Amino acid sequence: MSRVEVRNLWKEYGDQVVLERISMDVAPHSFVSLVGPSGCGKSTFLRMLLSQETPTRGTILVDGQPLANEPQPDRGVVFQKYSVFPHLTAVENVALGLEFERAPVTGRLFGRARRAALDEAGALLEGVGLAAARGKYPAQLSGGMQQRLAIAQALARKPRILLLDEPFGALDPGIRADIHDLMLSVWWDTRMTVFMVSHDLREAFYLGTRVVAFDRPTEKDAARFGARITFDIALDPAAPIKERLREAEHGTATDDLGEELAAMAAQADRDDPAPAPSTRRDDPAPRDGETA
Amino acid sequence: MTRLVNRHPDRPTRLLLAMLPFALLIAAYAIGSDMRLAENPNDKLLPSFTALGDAITRMAFTPDKRTGDYLLWVDTVASLTRIAGGVAIATVFGLLVGVSVGLLPYARATLGGFLSAVAMIPPLAILPILFILFGLGELSKFVLVFAGIGPFIARDIAMRVAELPTEQIVKAQTLGASTWQICTRVVLPQMWPRLMDSVRLSLGAAWLFLIAAEAVASQDGLGYRIFLVRRYLAMDVILPYVAWITLLAFSFDWLLRVLQARLFPWFAPEGASR
């Protein structure tokens, strides 16, 4: 449960501007869905939140403190793939974080300490519905089970922020609905602040308390213009659209909500117009975060 | 009509087919040997199976008249000691250097290019240097085997480490792992089966370098014996020795494969096709 402030963030690779002028204040215990077309930089943004990459300009503050310059256990992560370690069983995967914490030199616990860690890990596995799979290797688990395992593993160190990079993108719809529910209850119980990159608008609206879209202001000259936030919608969990998504998620309603969500996004775009694309390098505005 | 790519032999057929090339080779040898011996009973090039059997009995089960040793076993022990020593040093070296280069940007920047260059040195070309530096004794043979396969294993492991998904390394950091912990709990355990593959692939080369070293300067060993009896055109000794070396090499390969499957079950899905 952390407040996250993003101040005028830019990311450039050489001449290519990927993101520009990204600013947002995220209240503690928010669930922020990040959406946008492929290549718009939403995953780059997530990697900066993770400290896997550093911003070219601007700062990210967590509870008022600048981010550490490398990944730390205060921020957990679930990737779409390769989140779990293939050489460890499910329970060992979850216990690994505890072993890192309690055995700095060997990275490995023995005897009673190991049994205690495995018990804790087992409890976490039970929480994500994997109690029966505790002795299995990831390769023996289905895609959905692997992602459940990745969630349990990320929870072991009790992160205050959880970062999800298209975690459910490769799963079947039915399995997705179950894991969405799990994600919501985990988010609720742990009071974490969650950032989720998603390709799926419905998923983004269903899970998020806030939906943030990234896009480039213009198609031409794409390298010189980075993506910005094009809409930013706060969603009340009691909003009618949530109720209808909930019904759709569990198959009791069949109407397609996609167009409606797109319309909502378009509406948000009009309500909260992004600044018009201005001249480039001579623009003084984006530079004020540089010295922070 | 099922496509050829979809037709699979059943188990007995598979066994039969696997033995077929061996049977053909032996048959071709028998025919060739018979033809040559019919023309000239003293022909030494393709000795009969009886002659081969006599040679095996003489080398393996009869004490040598001069030294009282059973030559095949003395040669085998000498060669295996050398190859085991060389391979062991190369493996330890390859693992340490490979993991460092694959995992640590500073080690990669320092050693990456050097390792690629060193791996290109033809080991046999430096054999004279080794003999000059380390003498004609056992040490130069260990060093040749090591120099021949050590850089290969190190480069292979470095590549395997670099192939680990970045996600794993990042994930470990979000679980609080230090560099050392990433190394011991994430990277090394995943390298053991790959190291076994790497050693398996380099065993052929290791035998090559061993036999070369023994051929040039040695008092015993399988390679030494082959090159010694070559002077007498003693094909009846050379052929069983070659078959014996092949059998030894094949057994190690098989043993490593079985050990890998047994010790690292999680690796099996990836390695199953091999």
Side-chain angles (χ1 to χ4, degrees), chain A residues 43 46-47 49-53 68-90 92-109 135-141 149-150 153-159 161-163 165 167, chain B residues 95-96 98-100 102-108 157 159-198 256 259-274:
Chain A
S43 290
L46 201 77
R47 283 200 292 276
L49 286 175
L50 187 57
S51 305
Q52 191 184 342
E53 295 195 30
N69 63 359
E70 56 181 0
Q72 297 291 351
D74 60 337
R75 283 157 288 149
V77 67
V78 175
F79 295 108
Q80 184 173 12
K81 283 166 78 182
Y82 308 123
S83 267
V84 293
F85 300 106
H87 62 294
L88 298 174
T89 61
E92 288 169 343
N93 257 294
V94 179
L96 188 64
L98 304 172
E99 293 192 272
F100 285 150
E101 185 180 17
R102 296 169 196 175
V105 179
T106 55
R108 203 181 281 275
L109 295 170
K136 291 199 167 151
Y137 289 103
Q140 298 168 295
L141 303 177
L149 175 57
Q153 184 188 43
L155 295 179
R157 291 296 302 266
K158 301 190 171 56
I161 298 174
L162 186 63
L163 305 168
D165 195 354
Chain B
L95 186 69
L96 292 179
V99 167
S100 314
L103 189 60
L104 306 174
Y106 265 93
R108 184 162 39 229
I157 292 298
M159 275 193 280
R160 299 286 95 81
V161 172
E163 270 170 20
L164 288 179
T166 321
E167 285 89 339
Q168 282 189 20
I169 310 296
V170 172
K171 179 82 184 204
Q173 294 178 60
T174 67
L175 297 177
S178 63
T179 301
W180 171 247
Q181 288 173 326
I182 291 172
C183 194
T184 56
R185 293 302 314 271
V186 177
V187 176
L188 274 180
Q190 296 194 71
M191 283 307 121
W192 297 132
R194 292 172 173 89
L195 182 68
M196 292 176 98
D197 272 342
S198 192
L256 281 172
L259 273 179
Q260 187 194 54
R262 187 70 53 86
L263 293 174
F264 309 107
W266 53 268
F267 196 66
E270 255 182 286
S273 59
R274 264 169 266 182

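Just so you know, these numbers come straight off a predicted model, no measurement behind them. Sequence lines set the chain letters: A, B, ... in the order given, protein chains first and strands last, and positions in each chain run from 1. What's counted below: heavy atoms across the whole structure, side chains too, no hydrogens, waters or symmetry copies.
Looking at A:Gln72, only its backbone comes within 4.5 Å of chain B, counting heavy atoms on both sides. Contact annotation for A:Phe79: only side-chain heavy atoms (C-beta onward) come within less than 4.5 Å of a heavy atom of chain B. Neither the backbone nor the side chain of A:Ser51 comes within contact range of chain B, judged by heavy atoms closer than 4.5 Å. With a threshold of 4.5 angstrom between heavy atoms, A:Leu50 approaches chain B through side-chain atoms but not through N, CA, C or O. Residue A:Tyr137 touches chain B through its side chain alone, counting heavy-atom pairs closer than 4.5 Å. With a 4.5 Å cut-off on non-hydrogen atoms, A:Leu88 touches chain B through its side chain but not through its backbone. Neither the backbone nor the side chain of A:Lys136 comes within contact range of chain B; no heavy atoms are under 4.5 Å apart.
At distances below 3.5 Å, not a single donor-acceptor pair connects side-chain atoms of B:Glu163 with backbone N or O atoms of B:Arg160.
In terms of non-hydrogen atom pairs under 4.5 Å with chain B, the most contact-rich of A:Gln153, A:Arg47, A:Glu70 is A:Gln153. The greatest number of non-hydrogen atom pairs below 4.5 Å with chain A, out of B:Val170, B:Thr184, B:Thr174, B:Thr166, is found for B:Thr174. Most heavy-atom pairs under 4.5 Å with chain B, from the set A:Ala156, A:Ala154, A:Pro104: that is A:Pro104.
Of all the heavy atoms in B:Gln181 and A:Ala103, the pair that sits closest is NE2-O, 3.0 Å. The heavy-atom pair separating A:Gly107 from A:Glu99 by the smallest distance is O-CB, 3.7 Å. Here the closest non-hydrogen pair linking B:Val161 and B:Gly102 is CG1-C, 3.6 Å.
Here CD of A:Glu53 is found 10.5 Å from CG of A:Leu46. Values are rounded to the nearest 0.5 Å.
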Please walk me through it: do B:Asp197 and B:Phe267 pass side chain to side chain contact (heavy atoms under 4.5 Å, CB included)? CA-CA 11 Å; B:Asp197 272 342; B:Phe267 196 66; 4.0 Å; yes

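At a threshold of 4.0 Å, the pair A:Arg157-A:Glu101 counts as salt-bridged, since one of the basic side-chain nitrogens sits closer than that to a carboxylate oxygen.
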